[in-house]
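Contents: one structure, followed by commentary.
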Amino acid sequence: MKYTQLGRTGLKVSRLVLGTMNFGPQTDEADSHLIMDAALDAGINFFDTANVYGWGENKGRTEEIIGNWFAKGGDRRDRTVLATKVYGNMGPDGPAWPNHDKLSAVNIRRAVDASLKRLRTDRIDLYQFHHIDRDTPFDEIWQAIDVLIQQGKILYVGSSNFPGYKIAQANEAAARRGGTIGLVSEQCLYNLAERRAEMEVIPAAQEYGLGVIPWSPLNGGLLGGVLRKQATGGRRASGRAADTLADPASRARVQAYEDLLDKHGIEPGEAALAWLLTRPGVTGPIVGPRTADQLASALRAVELELSEELLTGLDEIFPGPGPAPEAFAW
């Protein structure tokens, strides 16, 4: 495994991030523990989760599964850089009870304590805002975070799904307060087929020293050899991937992508991950394996070297939007 600094911090993290969203809904606790053991054995030290994972009436279940894994001992907790998130309603489905979601100081405090209990740990290494809160000023958010850092409950703070201007607002507010490190990472939707983050989000992250943590690096399976799998009777596309394949032009691009990688003898999913590892500002993509075999495939991407010819071919199939403002102004 290879490692890098998380943004402008001194924290060293693996260049693959273990995503845990499937733990509970799709992968039972025993298999989830096996996957986490295999990830740690392979050198992945960066685990990502969220308080709402488990979904529906099982919100929080994923954090509980991770907490039970930590409780097995063996230095599991000390060897893991643990990231979780706050924002969503943790109550029953439907409108949240007032102050039981988003980023008010009272909900941040409540959510941290609840996550710590489920995770069976005394600290969260990276506490991430899962979405922007249009109603809560950053001065209030940072005041709450400062207290939690002083208490030792959290160490670093990151954002997720923030636009570039909110990254700037957040860190400018932190700078005005003095003594607050501000955001150190941004977790965003970014992959070969979805490159809009390159216009504003990634430049803002680089300007303010945030590490970029792409989620959905295979774009919902679209970049994982979906057409080949369908042709051989494998798992069919669903969700975002199925919607994309319904468009003939998009389907043709995916076919061209798979044909190009066949020519180079590279598995599509591994190439998609390896491409992200070449991108400026990217700390590491989140991989969310449902099985140990899927984890093994992701691990191979770290050692994969993509030729300039292949990188050029990928850009031709999935061109980026170009930098802002030129991408939309000139």
Side-chain angles (χ1 to χ4, degrees), residues 1-6 11-23 26-49 53 62 65-66 69-70 72 74-83 125-126 185 187 189-193 211-226 228-229 234-235 241 257-258 261-262 264-279 281-307 310-311 314:
M1 180 52 59
K2 297 177 182 178
Y3 300 89
T4 188
Q5 309 297 125
L6 179 63
L11 185 66
K12 291 183 179 180
V13 294
S14 51
R15 296 224 64 198
L16 287 182
V17 184
L18 182 68
T20 63
M21 189 169 65
N22 290 322
F23 295 175
Q26 298 190 44
T27 307
D28 65 23
E29 180 162 337
D31 286 342
S32 298
H33 286 189
L34 289 174
I35 290 171
M36 286 187 281
D37 281 335
L40 208 58
D41 288 345
I44 296 177
N45 74 335
F46 198 4
F47 290 15
D48 176 75
T49 191
Y53 289 174
T62 303
I65 289 172
I66 296 170
W69 180 73
F70 285 147
K72 290 182 174 182
D75 291 331
R76 285 174 171 83
R77 179 63 189 93
D78 285 341
R79 294 173 65 196
T80 302
V81 175
L82 175 64
D125 300 312
L126 178 64
S185 63
Q187 188 176 133
L189 175 61
Y190 183 39
N191 55 61
L192 261 170
V212 175
I213 307 169
W215 61 266
S216 194
L218 304 188
N219 205 35
L222 189 76
L223 301 172
V226 62
R228 180 197 301 172
K229 291 174 183 176
R235 189 166 179 258
Y257 166 73
E258 294 190 15
L261 294 171
D262 281 343
H264 286 266
I266 298 175
E267 290 296 318
E270 295 170 20
L273 292 172
W275 178 83
L276 280 168
L277 292 171
T278 70
R279 306 308 298 167
V282 168
T283 299
I286 296 174
V287 295
R290 296 185 302 276
T291 66
D293 286 344
Q294 290 179 343
L295 175 62
S297 176
L299 288 167
R300 289 192 291 271
V302 179
E303 303 298 331
L304 186 59
E305 297 287 341
L306 304 182
S307 68
L310 178 53
L311 289 170
L314 292 172

Completion exercise
Residue pairs passing the salt bridge (charged side-chain N to carboxylate O under 4.0 Å, His left out) test with at least one member in residues 283-299, sequence neighbours excluded, are none
Exercise for the section: Provide the closest heavy-atom pair for P289 versus G19 in the form atom of the first, atom of the second, distance. Expected result: CD-O, 4.1 Å
Practice task
Any chance you could lay out the side-chain contact (heavy atoms from CB on, under 4.5 Å) test for M21 and T62, step after step, and finish with the verdict?
Solution key: CA-CA 7 Å; M21 189 169 65; T62 303; over 6 Å; no
Problem - Value rounded to 0.5 Å, distance of CG in D125 from CZ in F46 - result: 9.0 Å
Practice task
Measure the shortest side-chain to side-chain distance between V17 and P285 over non-hydrogen atoms and say whether it is less than 4.5 angstrom.
Solution key: no
Practice task
Test side-chain contact (heavy atoms from CB on, under 4.5 Å) on D37 and R76 and set out the steps.
Solution key: CA-CA 9 Å; D37 281 335; R76 285 174 171 83; 3.1 Å; yes
Using distance only, find each side-chain donor-acceptor pair of residues 266-277 under 3.5 Å and give its atom names and separation, not counting sequence neighbours.
unit_1: E267; atom_1: OE1; unit_2: R228; atom_2: NH1; d: 3.1
unit_1: E270; atom_1: OE2; unit_2: S297; atom_2: OG; d: 3.2
unit_1: E270; atom_1: OE2; unit_2: R300; atom_2: NE; d: 2.9
unit_1: E270; atom_1: OE2; unit_2: R300; atom_2: NH2; d: 3.0

Exercise for the section: Just grab all the side-chain hydrogen bond (donor to acceptor under 3.5 Å, both in side chains) pairs involving residues 214-225, residues at least two apart or on different chains. Expected result: N161-W215, N191-N219, S216-R240
Handout entry: Shortest non-hydrogen contact between G220 and A241, atoms and distance
Key = O-CB, 3.5 Å
Problem - Closest non-hydrogen atom pair between I44 and L16, with its separation - result: CG2-O, 3.6 Å
Problem - Distance in Å, F23 CZ paired with D28 CG, rounded so as to fall on 0.5 Å steps - result: 10.5 Å
Practice task
Please list, chain by chain and in numerical order, all residues satisfying side-chain hydrogen bond (donor to acceptor under 3.5 Å, both in side chains) with K12, sequence neighbours excluded.
Solution key: none
Exercise for the section: Tell me, please, which residues at least two apart from D78 pass salt bridge (charged side-chain N to carboxylate O under 4.0 Å, His left out). Expected result: R123
Problem - Partner set under salt bridge (charged side-chain N to carboxylate O under 4.0 Å, His left out) for D31, not counting sequence neighbours - result: none
Exercise for the section: Mind listing the closest non-hydrogen atom pair of A42 and L299 along with its distance? Expected result: CB-CD1, 3.5 Å
Handout entry: Closest approach of A39 to L295 (non-hydrogen atoms, all atoms of both residues)
Key = N-CD2, 3.6 Å
Handout entry: Side-chain donor/acceptor of N45 to backbone N/O of V81, under 3.5 Å
Key = no
Problem - Separation of D262 CG from H264 NE2 (nearest 0.5 Å) - result: 10.5 Å
Problem - Student check: side-chain heavy atoms of S32 and T20 closer than 4.5 Å - result: no
Practice task
Output all residues satisfying side-chain hydrogen bond (donor to acceptor under 3.5 Å, both in side chains) with Q26, sequence neighbours left out; order by chain, then residue number.
Solution key: N22
Problem - Flag, side chain of Q5 to backbone of G211, donor-acceptor distance under 3.5 Å - result: no
Handout entry: Set of side-chain hydrogen bond (donor to acceptor under 3.5 Å, both in side chains) partners for S185, sequence neighbours left out
Key = none
Practice task
Keeping the roles fixed (side chain from T283, backbone from L6), state whether a donor-acceptor pair exists under 3.5 Å.
Solution key: no
Fill in the blank from the handout: When rounded to the nearest 0.5 Å, the distance separating CD1 of I286 from CG of D48 is 4.0 Å
Handout entry: T27 side, atom OG1; H33 side, atom NE2 - distance, nearest 0.5 Å
Key = 11.5 Å
Practice task
Identify, with sequence neighbours excluded, every residue that meets salt bridge (charged side-chain N to carboxylate O under 4.0 Å, His left out) alongside R279.
Solution key: E198
Practice task
In sequence, state the C-alpha distance, the side-chain angles, and the governing distance for Y53 and I66, and then conclude on side-chain contact (heavy atoms from CB on, under 4.5 Å).
Solution key: CA-CA 11 Å; Y53 289 174; I66 296 170; over 6 Å; no
Exercise for the section: Test side-chain contact (heavy atoms from CB on, under 4.5 Å) on M36 and I65 and set out the steps. Expected result: CA-CA 10 Å; M36 286 187 281; I65 289 172; 4.2 Å; yes
Exercise for the section: Starting at CG of L314, measure out to CG of L306 and round the result to the nearest 0.5 Å. Expected result: 7.0 Å
Practice task
Check side-chain hydrogen bond (donor to acceptor under 3.5 Å, both in side chains) between Y257 and all other residues, then give those that pass, not counting sequence neighbours.
Solution key: none
Exercise for the section: Of all the heavy-atom pairs spanning A193 and L223, show the shortest one and how long it is. Expected result: N-CD1, 4.0 Å
